[in-house]
There are 2 protein chains.
Amino acid sequence: MKTKECKIPEATIKRLSTYINCLERLQVENHPVISSELLGEYCQVSPAQIRKDLSYFGEFGVRGVGYDTKKLEAEIKEILGLNNNWPTCVVGVGKLGLALLNFALFRKHGFSITAAFDSDPAKVGTELSAGITIQPTTEIEQTVTGKKILIGIITTPADAAQKVAEQLVAGGIQGLLNFAPTKVKVPEEITLRNVSITSELDNLAYLMTQKRRRS
Amino acid sequence: MKTKECKIPEATIKRLSTYINCLERLQVENHPVISSELLGEYCQVSPAQIRKDLSYFGEFGVRGVGYDTKKLEAEIKEILGLNNNWPTCVVGVGKLGLALLNFALFRKHGFSITAAFDSDPAKVGTELSAGITIQPTTEIEQTVTGKKILIGIITTPADAAQKVAEQLVAGGIQGLLNFAPTKVKVPEEITLRNVSITSELDNLAYLMTQKRRRS
DNA sequence: CCATCAATGTGATAACTCTCACAGAGTTGT
DNA sequence: ACAACTCTGTGAGAGTTATCACATTGATGG
Ligand SMILES: NC(=O)c1ccc[n+]([C@@H]2O[C@H](COP(=O)([O-])OP(=O)(O)OC[C@H]3O[C@@H](n4cnc5c(N)ncnc54)[C@H](O)[C@@H]3O)[C@@H](O)[C@H]2O)c1
Ligand SMILES: NC(=O)c1ccc[n+]([C@@H]2O[C@H](COP(=O)([O-])OP(=O)(O)OC[C@H]3O[C@@H](n4cnc5c(N)ncnc54)[C@H](O)[C@@H]3O)[C@@H](O)[C@H]2O)c1
């Protein structure tokens, strides 16, 4: 795998992630090989876009034939770093945190959730399905350090997010995925992504409103 | 509110949604007025970007002063169409579906979830907190039509997503938010957004891998 | 072994999005 | 009433991302 340049569009990375899901399904459906044309139809991306996305990282297809689904999936996982094992923890075991804790696809992408934290005394001590016990937030720092956890998922209410982020950073976390509807601030060396599910719905409402106004 | 042109960047819409959350917090923290500079710091967007985003839709600030937080929030909600009431339903009341059903921020943005469906006979009939009872999927079409539901949220496993989408469309749905890791196909007149939480984590892994390789 | 064919990989180009710098509107103080 | 000042709104330009068209490559079959 060669990485020609450092300027890969963020949108490309997002698409690579969806290609994986398509490729997995294609294998189940007995397609050992697929063209960019057909893959594009599957995941609703133009064929040229797919080829361009892949060309940033190397040549993975066979001209005149297409891509080996199994091999391409492995290559993309390598590109994204999903062939590593990423020790991950969840802070805030509420409705959303519980959903994420039980989300099977995460494990398939290399993320293994090895700890869960909550501030609610009633929840602390609860053993979750995966053999993980909910720990108090006071143990965040030492557990993250001790278990060498690299990724932290924040699913606490908004007003707790900043403090939780700081505790995770103190423990030596390297990446944070924040679901709380507030932007947390962390040192520059920490990789941070804020996820806003609400904005997806808002966007839907906007598009629908546009259509309505136009007609 | 004037809409000068039709070509609003998607990124702008996404940011408008986050501005709302910031503006709400600013009001609670007793800031009746805010400059683009400070708002930018709050939601980690450059001041120029904020002004440009807003300028697509009109003039909302007072020169030399800034923006009225309360008024601006209302304006943005109007722009996004969040001042309407959006009757919404959830299909697939699993871990994620339940989290979304109980998510308070949705209601604040104008989305009122008025029905929930699941194919699991053990779940059908369960009364959820909001006074909503889980209905069988066979009732999707008639309920969507009867309750004039406009938005459908799909949180079923991937292999059920397409069929569910078709049932919702048959009932007259206008917008779909799909959380299943597969792209569903619907008629052009339906507004569709696919949400991929996995790709957010994948993206995080990619960024972290980049940093690691660089050093 | 060569001709034919299908689908990739990519440079050029078009489209889109963000950043910058500043003119000018409105406020505040004298 | 006027001057000094602050922060908005925006055109112009830089930078980024997607699309297009086609030359190129490797497979396939006679
Ligand atoms: N539920 C959703 O569908 C959804 C969607 C998008 C974003 N979010 C956001 O995700 C977060 C969690 O949502 P939820 O619906 O799961 O809420 P929830 O109330 O069900 O869960 C929050 C959990 O965080 C715990 N908590 C509170 N303070 C804490 C602290 N300081 N340290 C550790 N844990 C703490 C609570 O005990 C609770 O278990 C919220 O910020 C919400 O806005 C939720
Ligand atoms: N859990 C997460 O954190 C998460 C994150 C991102 C995406 N997703 C996706 O969201 C979807 C749901 O995830 P989950 O964790 O809630 O799974 P889940 O298994 O907890 O829930 C799925 C629910 O869908 C119901 N269902 C199955 N077939 C159905 C059908 N044909 N019609 C109606 N309902 C049906 C099931 O009975 C179940 O209640 C999956 O596609 C998953 O990939 C989940």
Side-chain angles (χ1 to χ4, degrees), chain A residues 1-19 22-23 26 31-69 71-72 75-76 79 199 203 206-207, chain B residues 1-19 23 26 31-69 71-72 75-76 79 199 203 206-207 210:
Chain A
M1 193 189 80
K2 63 178 171 180
T3 311
K4 289 176 183 174
E5 300 153 46
C6 300
K7 286 307 314 159
I8 312 295
E10 161 143 356
T12 290
I13 303 302
K14 188 162 189 172
R15 282 189 297 268
L16 287 180
S17 176
T18 70
Y19 299 159
C22 284
L23 290 167
L26 284 166
H31 288 82
V33 171
I34 193 156
S35 65
S36 61
E37 170 104 24
L38 206 51
L39 179 58
E41 202 166 303
Y42 252 71
C43 47
Q44 283 164 56
V45 175
S46 77
Q49 183 74 78
I50 292 179
R51 296 200 298 274
K52 175 66 89 179
D53 284 344
L54 296 174
S55 79
Y56 287 121
F57 301 97
E59 307 191 358
F60 306 109
V62 178
R63 292 175 187 224
V65 179
Y67 302 91
D68 180 306
T69 49
K71 241 171 58 186
L72 184 58
E75 291 278 15
I76 296 178
I79 291 166
S199 83
N203 210 313
Y206 170 73
L207 295 172
Chain B
M1 195 189 80
K2 64 178 171 180
T3 310
K4 290 175 182 175
E5 300 153 46
C6 300
K7 287 308 314 161
I8 313 294
E10 161 145 356
T12 290
I13 303 302
K14 189 163 188 171
R15 282 190 297 269
L16 287 180
S17 175
T18 70
Y19 299 160
L23 288 167
L26 283 165
H31 289 82
V33 172
I34 193 156
S35 66
S36 60
E37 171 104 25
L38 207 50
L39 180 57
E41 202 166 304
Y42 253 70
C43 47
Q44 285 164 56
V45 175
S46 76
Q49 182 74 78
I50 292 179
R51 295 200 298 274
K52 175 66 87 176
D53 284 343
L54 295 174
S55 78
Y56 287 121
F57 301 96
E59 307 192 357
F60 306 107
V62 179
R63 294 175 186 223
V65 179
Y67 302 92
D68 181 305
T69 49
K71 240 171 58 186
L72 184 57
E75 291 279 14
I76 295 178
I79 292 166
S199 84
N203 211 314
Y206 170 74
L207 294 172
Q210 283 299 98

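Lettering follows sequence order; numbering is per chain, from 1.
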Closest to the side chain of Ser55(A), out of dT10(C), dC18(C), dC16(C), is dT10(C)
The salt bridge (Lys or Arg N to Asp or Glu O under 4.0 Å) partners of Asp68(A) (sequence neighbours excluded) come to none
The contact string for nucleotides 22-30 of chain D, one letter per nucleotide 5' to 3', using protein heavy atoms under 4.0 Å with B, S and - for base, sugar-phosphate only and none, comes out as --BB-S---
Taken to the nearest whole Å, OH/Tyr56(A) to P/dT8(C) is 17 Å
Checking dA12(C), dC18(C), dC20(C) against the side chain of Ala48(B) (C-beta onward), the nearest is dC20(C)
Ranking dT8(D), dG11(C), dA7(C) by distance to the side chain of Lys52(A), first place goes to dG11(C)
From CD1 of Ile13(B) across to C1' of dC18(C) the rounded distance in Å is 16 Å
Sorted by position of nearest nucleotide on DNA chain C, 5' first, the leading residue of Ser46(B) and Leu54(A) is Leu54(A)
Per atom distances to the Tyr67(B) side chain, the nearest of dT17(D), dT8(C), dG9(D) is dG9(D)
Considering only heavy side-chain atoms of Glu59(A), the closest of dT8(C), dT10(C), dT17(D) is dT10(C)
The nucleotide from dT8(D), dT17(D), dC18(C) with an atom nearest the side chain of Pro9(A) is dT17(D)
Computed from five pairs at either end and rounded to 10 degrees, the angle between the axes of the helix from dC1(C)-dG30(D) to dT30(C)-dA1(D) is 20°
